Amino acid sequence: METQQSGTEYYPVYTGLWTNWSRGSILGPTLTLRRQDADLLIAFTAFFIAIVSSRVWRIICFAFHRHYATPTQQGVMYHQCQAILRNSSNAENGIQLLTRVLWNNRSKKGRARLVTTVVVAILCIVAFSAAGGFSSQISTSAGTEVLIKSVNCGHDRPDFRSDDGALPFLPIVAEAIDNAANYAQQCYSGSTGILDCGRFVTKSIASNTDTQAKCPFSDSICRLKSANIRVDSGFINSHDDLGLNSPPDERMLARTIFHCAPMKTEGFSSQLNTDFGNITLYHYGSMQLVDEVVDYMTTASSLSSQYSYILSKEAVDSYENYHMDTTAVQFKDGEVNIDNSDFIPIDLISRNDADLHIILLSGNGVLFTAPSNDEWYRVSPTASELLLSNANTSDPASESDQVYLPLEPGSPLGCTQQYQFCRKDAQTCGPLASFHDAVTGAAPLFNTTHNNAIKCLANTTAATNFAYLINIIGANSYATLSNIVTQLGPASLASQSTKIQSLQGLLPSNQWQLDVIRWSDIFKASLQAGFLSTAYFNPANTSLLGIRTNFEAPEFLKLCNSQKIRSTSYGSFSLFGLLFTFILGFLIISTSYLLEPISKLLYNRWGYKKYAHLEWTTNATLQLQRLAHEELGFGTWSKGTDEVPTTKNGELLACLDLTNPVHPLLGSPSKDDIASEGPQTSLETQISHQTQVLQATETTQELIIAPLALEREHICEELNSQTTGDGKSPKRIRKVPPDSQDVALIDSSRVDISDRGQDCVPGEVGDHLRLLAVENPQL
């Protein structure tokens, strides 16, 4: 099928048939169309349902008519009800007529049938009005999920230890983390903004947050023993949460846990005087410098150097912000992976079942407007004087403000990050461990190994799926906690929402926990985006395509083409809903049209329901018309049990007798009726302006009278000379000169000449025509 991409849609969308496994194998088959085509299909479906509604009413009418049919003599309500059931085209028309019958017979008994029929008609209208209104649910029930058309399906894994490998990826890393932070800020926090929070299949991935968690390390190194934070993402489903469309037995689960606590500095820090001033060393591990191994892993400049400018009289409109230094340790097979770690941790913080991150927060000139009990920001309860820039330093009354500074040059926050991977469900999982060990432990569940998964080597569906997942998360490693903080810096902090210039607003005592929650949200948002960027990568800078590793195996390409997003620019329809609606509708329509032929067949062969069948037939509009005319003796009728009865060619039927205008009857028109149509004119006027056609019953006679040049005697001679032996007019009497252009055509029944009286006596031909039309009792 085709793909479509509009100017407002960044991702090309697959249009056609596909299976949305969120709805199962039966309800899952889905038809995706462009919005304009989808709207047409919705409109057509509503129109089709309206047609089905009218045919259901005909079925109801047929059933009620046959049920009520009885050969015994009945009153007017019975016959009117039967006639309405036979001839009403829809339920609305039936209700209108039936209620009028009920009203006009409100003082009579035996109205139960009418009331029952009206109630059923109302239910029919309500049911199909709702069905028409909910016809759009065929689309909305399928949701707004669509498949994207994959472009450059593959992955990128920057090597931050190699300049050549990492530098080309830096723009990708920066953009990905910035986008994830923006998305988390708006779509995870519930704040309003301009971003499209409805693009991913799941707006946000929920987490289980414990704000009273124990210390993730040894209790002796944590500032708090029980008020720490543990953010558990829960099991993130590759299908439900990340949009990888797949049946239940091919789905995967991923889990990540952030466990953080503010760390003590007493006993784990020291001062060092350098040529650049006094610095603080933090001894949470050792690291390799250029030519030596040192017993510290990070440093912070002194408070005086951090705040010397902002507190000086020379400071003008300062825009200082926090400084954040991050270090990370990765574990492999339960040991520190030296090649991918910034330092070797001390035993008190070493965890062989998790990767380690330490974030050192420095005030760096940020002034706090109020003290805070937050254990990471550690604001001093003692105020400092901030001299305003327009103050006179020689004047003791110069204006100043009270501000608060941090207690220490740097405040460390220690976090562990764990991963877990499962196949199908949460009962088939690998260990909760560092990323490397979690992959190694889960690989056997997918019939593969760690190395094969990392290298995208797979020979089974399960191994392919696992390799796809691991490479997305592995390529997404730039969104680890340390890299999030490194890229965003202080912008990663939730406290930035209450900071203006260099002034930090009031901080709650749990501000550091809110920061950790934000980091977790950014990580989950980057994971959502990672699945999408794996399936679709089309950068404006095409040189980036050269450093991307594209998948070539059909199994991986199939996964890329299984990526779902949400889009309102397209309409998706449940194929089951469409088929059910139209198949059932066609069955109802077919049934409504087959009922009468089947009834006729049963009657003709076996005489089944003779009276009910014949009453249904004769209650039809045209048959009722036949009964009325035939009872008065007008017309020679045939096909009395067909849908359309007929008379012999040229026969005339009765017209309305308007002798009593408030109670008209069928019959021959009176002289007053003819006179009311307007003054009669001479034959000359009649022939020159119109051709008169008068119809009657029985056998047809045609009299063509020549124009005004003919005298009355000639007409009478013609009439009398061509009568038959029984005194009847011949079938056709013609006397038309060859050069005649104006004739009057009169169709009449065979009439007895003796009944004409004095029709054929000398006089005006026009008078003769009038007498012939009026005095003949058969006309």
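Note that this is a predicted model, so its numbers are computed, not measured.
A distance of 10.0 Å separates CD of Q82 from OG1 of T618, quoted to the nearest 0.5 Å. Considering NZ of K149 and CG of L147, their distance stands at 10.0 Å, rounded to 0.5 Å. We find the CG-CG distance between L666 and D657 to be 9.0 Å, quoted to the nearest 0.5 Å. Rounded to the nearest 0.5 angstrom, I583 CD1 and I588 CD1 are separated by 12.5 Å. Summarising the geometry, atom CD1 belonging to I84 is positioned 10.0 Å from atom CD belonging to Q96; distances are rounded to the nearest 0.5 Å. Taken to the nearest 0.5 Å, the CG atom of N465 stands 7.0 Å off from the CG atom of L244.
A heavy-atom distance below 4.5 Å is found between the side chains of Y11 and R199. Looking at heavy atoms from C-beta onward, Y14 lies out of side-chain contact with N561 at the 4.5 angstrom threshold. Between Y608 and H613, every side-chain heavy-atom pair lies at or beyond the 4.5 Å cut-off. Within the 4.5 Å cutoff, the side chain of T461 has heavy atoms near those of the E250 side chain. Contact check for I59 versus T591: side-chain heavy atoms found under the 4.5 Å cut-off. A heavy-atom distance below 4.5 Å is not found between the side chains of R58 and I60. Inter-residue side-chain proximity for T641 and L614 is flagged as met; some heavy-atom pair is nearer than 4.5 Å. Side-chain contact check for C61 versus S88: some heavy-atom pair is nearer than 4.5 Å.
No donor-acceptor pair under 3.5 Å is formed between the side chain of Y603 and the backbone N or O of K609. At least one donor-acceptor pair closer than 3.5 Å links the side chain of D241 to the backbone N or O of N237. Under a 3.5 Å cut-off, the side chain of T19 and the backbone N or O of W21 do not form any donor-acceptor pair. Remark: the backbone N or O of R106 is paired with a side-chain donor or acceptor of R111 at under 3.5 angstrom. S592 places no side-chain N or O within 3.5 Å of a backbone atom of S590 that could act as its donor or acceptor partner. Of the possible polar contacts, none joining the H629 side chain to the G635 backbone as a donor-acceptor pair under 3.5 Å is found. A donor-acceptor distance shorter than 3.5 angstrom exists from the side chain of N87 to the backbone of N619, with no hydrogens or angles considered.
Side-chain contact, S22 with K564: a donor N or O sits under 3.5 Å from an acceptor N or O. Counted by atom type alone, S638 and T646 present one or more donor-acceptor pairs between their side chains at under 3.5 Å. Judged purely by distance below 3.5 Å, without hydrogens or angles, the side chains of T621 and Q623 never pair a donor atom with an acceptor atom. Using modelled atom types and a 3.5 Å distance limit, the side chains of T32 and S572 yield a donor-acceptor pair. Looking only at atom types and distance, the side chain of N90 has no donor-acceptor partner in the side chain of S54 under 3.5 Å away. With 3.5 Å as the limit, one finds a donor-acceptor pair spanning the side chains of N20 and E145.
Ring pair F582/F48 is tilted by interplanar angle, where 30° to 60° counts as tilted. Ring-plane geometry between F64 and Y68 is classed as perpendicular, the angle between the planes exceeding 60 degrees on a 0 to 90 degree scale with a lower cut at 30.
Listed here is the closest heavy atom pair of A38 and F573: O-CZ, 3.3 Å. When all heavy atoms of L624 and A83 are compared, the closest pair comes out as CD1-CB, 4.5 Å. Of all heavy-atom pairs spanning C560 and S150, the tightest one is CB-OG, 3.4 Å. The shortest non-hydrogen separation linking L242 to V201 is C-CG2, 4.1 Å. Looking at every heavy atom in both residues, P29 comes nearest to G24 through CD-O, 4.3 Å. Annotation for G571 and R35: closest pair CA-NH2, 3.6 Å, computed over non-hydrogen atoms.
Within 6.0 Å of atom CD in E631, 12 or fewer heavy atoms from other residues, nucleotides or ligands are found, so the atom counts as exposed in its surroundings. Environment of OH in Y611: crowded, with over 12 heavy atoms of neighbouring residues, nucleotides or ligands closer than 6.0 Å.
Pairs of residues two or more places apart, or lying in two chains, never qualify as ring-ring contact (aromatic ring centres under 6.0 Å, His included) while including a residue from residues 70-128.
Residues satisfying the side-chain contact (heavy atoms from CB on, under 4.5 Å) criterion with T647, sequence neighbours excluded, are W637, E651, L653.
At least one cation-pi condition fails for R66 and W616: the charged atom is not both under 6.0 angstrom from the six-membered ring centre and inside a 45 degree cone around its axis.
Using a cut-off of 4.0 Å between Lys/Arg side-chain N and Asp/Glu carboxylate O, R626 and E643 are scored as not salt-bridged. Comment: K600 engages D642 in a salt bridge, judged by a side-chain N to carboxylate O separation of less than 4.0 angstrom.
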- [ ] Report the C-alpha distance between S246 and S562 in whole Å, list the side-chain angles of each, state the deciding distance to 0.1 Å, and finish with yes or no for side chain to side chain contact (heavy atoms under 4.5 Å, CB included).
- [x] CA-CA 7 Å; S246 57; S562 298; over 6 Å; no
TODO: Give the C-alpha distance, both sets of side-chain angles, the deciding distance and a yes or no for side chain to side chain contact (heavy atoms under 4.5 Å, CB included) between T15 and L33.
DONE: CA-CA 5 Å; T15 55; L33 301 173; 5.7 Å; no
TODO: Please assess S599 against F62 for the test side chain to side chain contact (heavy atoms under 4.5 Å, CB included), listing each intermediate value before the final yes or no.
DONE: CA-CA 10 Å; S599 176; F62 184 84; 3.9 Å; yes
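Test I95, L102, L85 against T117 for side chain to side chain contact (heavy atoms under 4.5 Å, CB included) and you get one pass: L85.
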